[in-house]
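Just so it is clear: chains get the letters A, B, ... in the order the sequence lines come, proteins before strands, and each one is counted from 1.
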2 protein chains.
Amino acid sequence: MIQSPDTRTQILDIAEHLLQLRGFNAFSYQDIANELGIRKASLHYHFPSKADLGAALAERHANRALAALQSVDELNLTVWQQLDAFFKPFIELANSCELMCVGGVMASEYSTLPPPMQNRMKEFFAIIHTWLTRVLTQGRASGQLYFGAEPTIKADTIIATLEGSILIAKTRQNADFIDPLIQDIKASLGG
Amino acid sequence: MIQSPDTRTQILDIAEHLLQLRGFNAFSYQDIANELGIRKASLHYHFPSKADLGAALAERHANRALAALQSVDELNLTVWQQLDAFFKPFIELANSCELMCVGGVMASEYSTLPPPMQNRMKEFFAIIHTWLTRVLTQGRASGQLYFGAEPTIKADTIIATLEGSILIAKTRQNADFIDPLIQDIKASLGG
DNA sequence: GTCTATAGCGGGATAGAC
DNA sequence: GTCTATCCCGCTATAGAC
């Protein structure tokens, strides 16, 4: 049975979409209120300040990433399936040609964000980097992956490439390059 | 003999720095005026609207990139030296741990930018992609580079990785990873 | 070309009724 | 929890003196 999400969750969902579309500094409580169909003053009941809203967004995003990667771990997938699961959300964002990664947009606005948002954003990147480094390390040890660099560096390269691909898709309003680019990443891992 | 740049150029220089530090939507005419030591109203004499200023910034950046790459072409460098020259500005931005690439920050704010800025930003990326694709194509044809993907895709991968690296450095406030990451990119080209 | 002064808008945020 | 009403602020932009 599906119950409509509570108001707080709906606010977070709308805010997250606006964050990915425009960035944190370029959407307002008014924008959220318009979409949700309530008055902007009411939003302050749920999130007293925009910094509180931003911190909640960043925290939810880090928590979701951690949970999603732990779910992947529980599925007994092959290394290549694990990597595909990791790539998937980035590929979807690139294919949209308009949405930013929540982590990426917070990184690009870093210096203007309230400190709690900055810290949660760092957590997000630490989570995905740790996970990917571990998968790369295990994959190479088991002989399923072949690459020269240190796993921690390879993880940085891959995450940078995925984040950058989302930007490139926006600059071009076209994501035809994304599938062959993913193949290129896999080739660099011996795939 | 060094003459101090004209006011218009000084405005562009200050605005560019603020753009790289905070993004286009997060700096104001007041910020520029404070740094330049004149009143914000005076800025409108040089750039009637902020959209005009943004368009001038984006155009100058595209022109500079084109000129810089043409200069590299005239130096009779080896392919690897050409690539190093290409990587250099991205590496410097990553090492700053706080400045964004002008192109990258415009890409991340794309949907909120005035159309002339969007178009100049696309030009910038087209310029660097065209140049890098050509160098990769020639380098492989001459046997100096070895890689499997299409040169146009390899160029996308490299540009995405460089743009993403700048983001990663900001998330970590540390760029120790950047040199080995560059080595990893070179390794993917047979270096 | 730079100044003062100000218009006009939209932002985040609060008070208090319901 | 949501409303109306309001406050204060900073923003872009303009008018007109110098």
Side-chain angles (χ1 to χ4, degrees), chain A residues 3-59 105-106 109-118 120, chain B residues 3-59 105-106 109-118 120:
Chain A
Q3 63 173 9
S4 82
D6 61 24
T7 304
R8 185 190 155 91
T9 302
Q10 291 185 61
I11 293 170
L12 284 172
D13 290 343
I14 293 170
E16 185 174 273
H17 183 245
L18 290 168
L19 173 73
Q20 295 186 265
L21 207 55
R22 298 188 215 161
F24 186 68
N25 294 307
F27 77 84
S28 68
Y29 272 36
Q30 188 62 63
D31 295 324
I32 301 171
N34 289 343
E35 224 168 294
L36 189 53
I38 66 174
R39 298 289 158 179
K40 67 169 178 168
S42 308
L43 297 173
H44 289 275
Y45 171 81
H46 301 278
F47 300 96
S49 77
K50 198 180 173 188
D52 295 322
L53 172 59
L57 278 175
E59 178 169 4
V105 72
M106 290 190 294
E109 292 182 294
Y110 184 82
S111 69
T112 71
L113 299 180
M117 270 188 92
Q118 295 176 335
R120 295 299 187 184
Chain B
Q3 63 172 10
S4 81
D6 62 23
T7 305
R8 185 190 155 92
T9 302
Q10 290 185 61
I11 294 170
L12 284 172
D13 290 343
I14 293 169
E16 184 174 273
H17 183 245
L18 290 167
L19 173 72
Q20 295 185 265
L21 208 54
R22 298 189 213 159
F24 186 69
N25 294 306
F27 76 84
S28 70
Y29 271 38
Q30 188 62 63
D31 295 324
I32 301 171
N34 289 343
E35 228 169 291
L36 189 53
I38 65 174
R39 299 288 159 182
K40 65 173 176 168
S42 309
L43 297 173
H44 289 275
Y45 171 81
H46 301 277
F47 300 97
S49 77
K50 197 180 174 187
D52 296 321
L53 172 59
L57 279 174
E59 177 169 5
V105 72
M106 290 190 295
E109 292 183 292
Y110 184 82
S111 70
T112 71
L113 299 180
M117 270 188 92
Q118 295 177 335
R120 296 298 187 182

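- Under the 3.5 Å distance criterion, with hydrogens and angles disregarded, no donor-acceptor pair is assigned to the side chains of D6(B) and Q10(B).
- Of the possible donor and acceptor atoms, one in the side chain of Q118(B) sits under 3.5 Å from a partner among the backbone N and O of Y110(B).
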Check the pair D31(B) / R22(B) against salt bridge (Lys or Arg N to Asp or Glu O under 4.0 Å), numbers first and verdict last.
CA-CA 11 Å; D31(B) 295 324; R22(B) 298 189 213 159; 3.0 Å; yes
Each nucleotide of nucleotides 2-18 of chain C classed B (base within 4.0 Å of a protein heavy atom), S (only sugar-phosphate) or -, in 5' to 3' order, makes BBBB-----SBBB----
With side-chain contact (heavy atoms from CB on, under 4.5 Å) as the test, would you mind laying out the steps for L18(B) and E35(B) before giving the verdict?
CA-CA 10 Å; L18(B) 290 167; E35(B) 228 169 291; 4.2 Å; yes
If you apply the rule side-chain contact (heavy atoms from CB on, under 4.5 Å), what do you find for L12(A) with L53(A), and how did you get there?
CA-CA 8 Å; L12(A) 284 172; L53(A) 172 59; 3.9 Å; yes
